[in-house]
Amino acid sequence: MSEALSNNTAANAGPAFVTAKNVDISNCDLEQVHLVGAIQPHGALLVLDEPDLRIVQASANTLDFLGVDSALLLGQMIDSLLGDANTAALRTQLAGTDLAGILAHLMIVGCLPHCAGRFHLFGNRSNGLLLLEFERADTLGQAPQSELFSGLRDALQQLQGASSLRTFLQLAVDRMRTLTGFDRVMAYRFDEDGSGEVVAEAKLPGLEAYLGLHYPASDIPAPARRLFKLSPLRHLPDVDYVPVPLLRAPSAPTAETPVDLSYSFLRSVSVMYTGYLRNMGVKATLVAPLLSGGKLWGLLSCMHHGEPNYLPYERRIPVEFFAQMLSMLMGDRESLDHCAYRLRLDQVLGQLVGRMGRAETFQEALAVGETNLLSAMDASGAALIAEGKLTVLGETPAHAQIDLLAGWLAQQGALVFSTHRLAHEFPAAAAFSTVASGVLSIRLARAGSDRVIWFRPEVLRDVDWAGDPNKPVEIGMEDHEIRLRPRNSFALWKETVHGQSRPWLNCEIDYAVSLRQAIIDVIVERARLLARANAELERSNLELDSFAYAASHDLKEPLRGIHNFAEFLHAEDGARLTERGRQRLGTILRLSERMDAMLESLLKYSRVGRNELDLQTQSSAALVEQTVELIRQVIPGQNFHVEVQPPLPAICCDRVRVAMIFHNLIVNAIKYNDQPIKKVQVGCDTTVDPPVFFVRDNGIGIEPGYHQLIFQLFRRLHGREEYGGGSGAGLTIVKKAIDRHGGSIWVESLAGEGSTFYFTLAPARDAVTEGL
Ligand code: ADP
């Protein structure tokens with residue numbers, strides 16, 4: 001099937017290379033196939049120095065071919081072989097042609113001084129050397145040009161009209177057989193793992209069919225695949241040929257690197273390859289690469305079984321042209337096959353993007369409703385992991401298995417990951433391979449496991465191998481040494497393939513990439529809007545604080561006046577007033593004092609919001625100790641006991657405001673308490689991040705229905721004078737100070753069972769936005 005390896009008979013090939021002497025199927029992936037140092041006998045090769053065109057290497061067959069012994073050619077200028085006129089024409093050609101990376105047809109040379117024939121001359125430049133290849137010019141086998149072109153035109157028209165890739169390839173092999181006259185032509189498609197399948201075949205009646213057979217990756221090793229991609233056509237006219245070595249000028253250093261024959265048409269092939277072909281009963285081959293999107297998609301492989309078959313250059317031109325046209329049309333054909341599917345996916349993408357714009361969350365848009373992650377997509381299940389929450393659609397592995405898989409996918413790091421053989425890459429997935437042998441996944445955040453995963457079930461497949469793929473080699477003796485050789489039985493070998501799903505198509509991967517971008521756009525847009533709303537809120541809060549400050553500050557002045565004048569009236573004219581008048585005056589005084597207390601609270605409240613926080617790292621234990629000490633001085637008579645439970649951590653905070661927080665909470669714990677001994681505990685859970693402080697009491701407790709209300713401004717749960725009175729602003733100010741630190745406050749309490757106030761002084765961990 002392939003030209004895998006070299007038949008290296010070059011006398012000077014260095015020992016560092018895997019050569020015909022030491023190559024077998026165990027090391028053929030390492031062989032430097034392009035450095036073989038030998039050619040096939042259907043042409044002659046010269047290696048020249050530029051610019052003087054001195055011959056430094058020559059194939060050993062120049063006498064037969066060009067009329068001069070190679071030993072005589074070495075060290076000579078090219079004109080001694082070509083004559084002046086040919087050499088001048090060659091120089092002109094060389095000046096105008098870029099010969100790097102191709103083997104170009106330079107000219108036809110005739111009238112050589114030592115030989116009567118006409119030759120096609122091909123050239124390639126590599127590593128500073130010029131390679132010239134000679135093949136006999138032959139006009140006999142050439143069909144008339146007009147016939148040839150109309151044949152090709154018909155073929156192309158048919159190919160363009162092919163309704164599917166399979167029909168396209170069948171047309172291609174049929175036409176290729178007509179063009180080449182080979183007994184058998186096969187279209188061979190490579191799988192991801194390097195193995196391949198015969199997907200179309202045209203053959204002489206009576207020959208055994210290879211259509212549908214699979215060949216293991218070792219039949220066409222990586223170096224051979226690389227070379228196939230480089231040459232438009234590879235030709236082995238006679239499997240039983242005797243390789244012709246390249247000889248060097250005696251002055252050439254022996255350790256010199258062998259000439260790179262990557263682009264040579266005459267390059268000798270591997271003994272493994274010829275052995276393989278002989279085992280298959282093949283006498284001659286011609287192989288053209290099939291490229292799709294610049295990648296080696298497969299091969300067009302022609303085989304001749306009866307006898308050697310040399311295709312002269314004139315007949316190879318249309319073949320080469322046809323094969324290249326096929327590669328160009330292939331790309332279109334493959335994508336055309338999936339055109340309708342791609343369109344459907346695009347429509348769904350549009351709908352999902354629209355829904356994401358309208359829905360409350362993108363999770364809802366993707367997972368709920370008629371159009372969702374599974375719509376149009378050829379997948380049996382999908383999972384959406386966002387903000388730590390897993391939502392599943394259709395048939396999926398169990399939640400714990402998805403978690404496991406998501407963890408593994410996160411380690412892979414790729415934005416988009418796809419496989420149709422999950423358990424091969426992630427063995428733990430063998431446990432759920434029936435539902436998820438195929439996985440396509442997109443990552444939504446740079447860190448963490450937020451992602452979308454589509455699942456495809458296992459598809460059990462019967463594969464017909466050309467011989468046992470697990471035993472692609474046999475052990476034999478060569479040169480008194482044990483060698484591994486290509487298998488010689490190609491008898492049908494059936495295998496049932498497990499753990500694989502249908503492979504993911506390019507259009508599905510493209511769809512996943514576009515969906516990922518759309519989701520990220522939505523997330524980024526929402527984050528932007530949220531940031532704007534927050535900035536707006538902050539601005540209006542600041543304005544409100546300024547207003548509250550100005551209002552309460554300015555209102556205090558006239559209020560003090562009202563209070564003072566009411567007092568003067570009471571002191572100086574109280575006796576002249578009626579009892580009712582005195583009572584009303586008393587009410588004015590009380591109300592103005594209350595209003596003064598409220599304005600004072602409002603001032604405090606606005607101050608918490610107005611000034612910048614003075615953040616410093618300090619010991620919360622010391623802060624609490626000092627606050628408790630202060631409270632003892634302010635309310636000495638009360639029978640209370642404050643217990644501070646270590647450890648209290650060091651924290652980064654605004655000292656004055658946090659002292660105020662502890663002060664308010666501890667005072668409330670004593671105030672709303674009718675126990676004979678009022679017990680207060682202050683502590684902190686440092687095992688969580690951020691640490692959670694608490695102030696616990698054995699007081700009157702709070703009914704759960706009021707747990708939110710008590711944080712509202714001027715909200716009291718008791719009569720004005722009960723429990724020592726108060727303005728109902730303390731907890732509001734506490735909450736605001738905590739908010740400004742990025743923390744939160746909440747209460748756990750039942751009526752009559754004491755209360756515990758908890759608070760943090762930093763944002764919660766999961767609220768820190770992950771980078772996308
Ligand atoms: P004030 O103490 O001035 O009334 P606060 O804002 O400090 O205002 O408290 C609001 C209300 O919450 C209080 O009136 C009280 O009813 C209730 N409260 C606060 N702390 C406690 C506590 N430790 N135990 C029971 N009730 C409390």
Side-chain angles (χ1 to χ4, degrees), residues 349-369 371-373 384-391 415 442-452 512-552 602 604-615 652-654 657-658 661 689-690 708 711-713 731-746 759-772:
L349 180 67
Q351 287 170 6
L352 289 180
V353 170
R355 294 194 49 177
M356 280 195 283
R358 292 188 300 273
E360 198 126 298
T361 61
F362 75 89
Q363 292 91 317
E364 184 191 315
L366 296 177
V368 186
T371 309
N372 57 40
L373 280 175
L384 169 64
I385 306 167
E387 289 156 13
K389 202 170 150 259
L390 169 67
T391 316
L415 291 182
I442 46 173
R443 193 183 80 189
L444 300 183
R446 197 175 294 151
S449 53
D450 283 10
R451 61 179 58 247
V452 176
V513 172
S514 308
L515 183 65
R516 174 180 185 274
Q517 194 50 53
I519 296 173
I520 283 174
D521 286 350
V522 168
I523 296 174
V524 169
E525 178 61 13
R526 295 236 159 124
R528 202 179 59 80
L529 289 178
L530 199 69
R532 216 166 69 183
N534 278 340
E536 185 63 20
L537 203 68
E538 207 168 293
R539 196 182 55 77
S540 65
N541 274 344
L542 207 67
E543 270 175 15
L544 203 68
D545 284 341
S546 303
F547 171 75
Y549 183 80
S552 44
L602 208 56
K604 274 191 197 155
Y605 176 80
S606 62
R607 266 191 219 115
V608 174
R610 269 161 63 86
N611 302 329
E612 283 298 309
L613 293 185
D614 177 16
L615 292 177
C652 177
C653 67
D654 183 303
R657 289 188 171 90
V658 174
I661 295 169
D689 188 18
Q708 302 293 328
F711 294 104
Q712 288 179 4
L713 194 59
L731 286 179
T732 319
I733 296 172
V734 163
K735 182 171 179 331
K736 184 156 189 177
I738 287 171
D739 282 350
R740 290 216 55 196
H741 281 83
S744 50
I745 179 165
W746 66 99
F759 69 92
T760 59
L761 289 169
R765 259 272 168 255
D766 56 8
V768 180
T769 318
E770 264 174 5
L772 295 172

Could you check whether any side-chain heavy atom of [X] comes within less than 4.5 Å of a side-chain heavy atom of [Y], counting everything from C-beta outward?
{"X": "Lys389", "Y": "Gln363", "value": "no"}
{"X": "His741", "Y": "Val658", "value": "yes"}
{"X": "Ile738", "Y": "Phe711", "value": "no"}

Distance (rounded to the nearest 0.5 Å) between [X] [atom1] and [Y] [atom2]:
{"X": "Asn372", "Y": "Arg355", "atom1": "CG", "atom2": "CZ", "answer": "7.5 Å"}
{"X": "Phe362", "Y": "Glu387", "atom1": "CZ", "atom2": "CD", "answer": "6.0 Å"}
{"X": "Leu602", "Y": "Ile733", "atom1": "CG", "atom2": "CD1", "answer": "8.5 Å"}
{"X": "Ile523", "Y": "Leu444", "atom1": "CD1", "atom2": "CG", "answer": "5.5 Å"}
{"X": "Arg740", "Y": "Leu615", "atom1": "CZ", "atom2": "CG", "answer": "9.0 Å"}
{"X": "Leu761", "Y": "Ile745", "atom1": "CG", "atom2": "CD1", "answer": "10.0 Å"}

[X] versus [Y], closest heavy-atom pair with distance:
{"X": "Ala737", "Y": "Arg657", "result": "CB-CB, 4.3 Å"}
{"X": "Ala359", "Y": "Arg526", "result": "O-NH2, 2.8 Å"}
{"X": "Ala762", "Y": "Pro690", "result": "O-CG, 3.5 Å"}
{"X": "Phe759", "Y": "Trp746", "result": "CA-CZ3, 4.3 Å"}
{"X": "Leu349", "Y": "Ser514", "result": "CD2-CB, 3.5 Å"}

- prompt: Quick check: are there more than 12 heavy atoms from other residues, nucleotides or ligands sitting under 6.0 Å from CD of Glu538?
  reply: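 Not buried by this count: 12 neighbours or fewer within 6.0 Å.
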field: Stepwise side chain to side chain contact (heavy atoms under 4.5 Å, CB included) test for Leu529 and Glu525
entry: CA-CA 6 Å; Leu529 289 178; Glu525 178 61 13; 4.0 Å; yes
- prompt: Is the backbone of Asp654 close enough, under 3.5 Å, to the side chain of Asp614 for a donor and an acceptor to pair up by distance?
  reply: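 Checked: no pair found.
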message: Please evaluate residues Ile519 and Leu366 with respect to the criterion side chain to side chain contact (heavy atoms under 4.5 Å, CB included), reporting the C-alpha separation (whole Å), side-chain torsions for both, the decisive distance (0.1 Å), and the verdict.
response: CA-CA 9 Å; Ile519 296 173; Leu366 296 177; 3.5 Å; yes
message: Under a 3.5 Å threshold, yes or no: a donor from one side chain and an acceptor from the other, between Gln517 and Asp521?
response: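 Result is yes, a qualifying pair exists.
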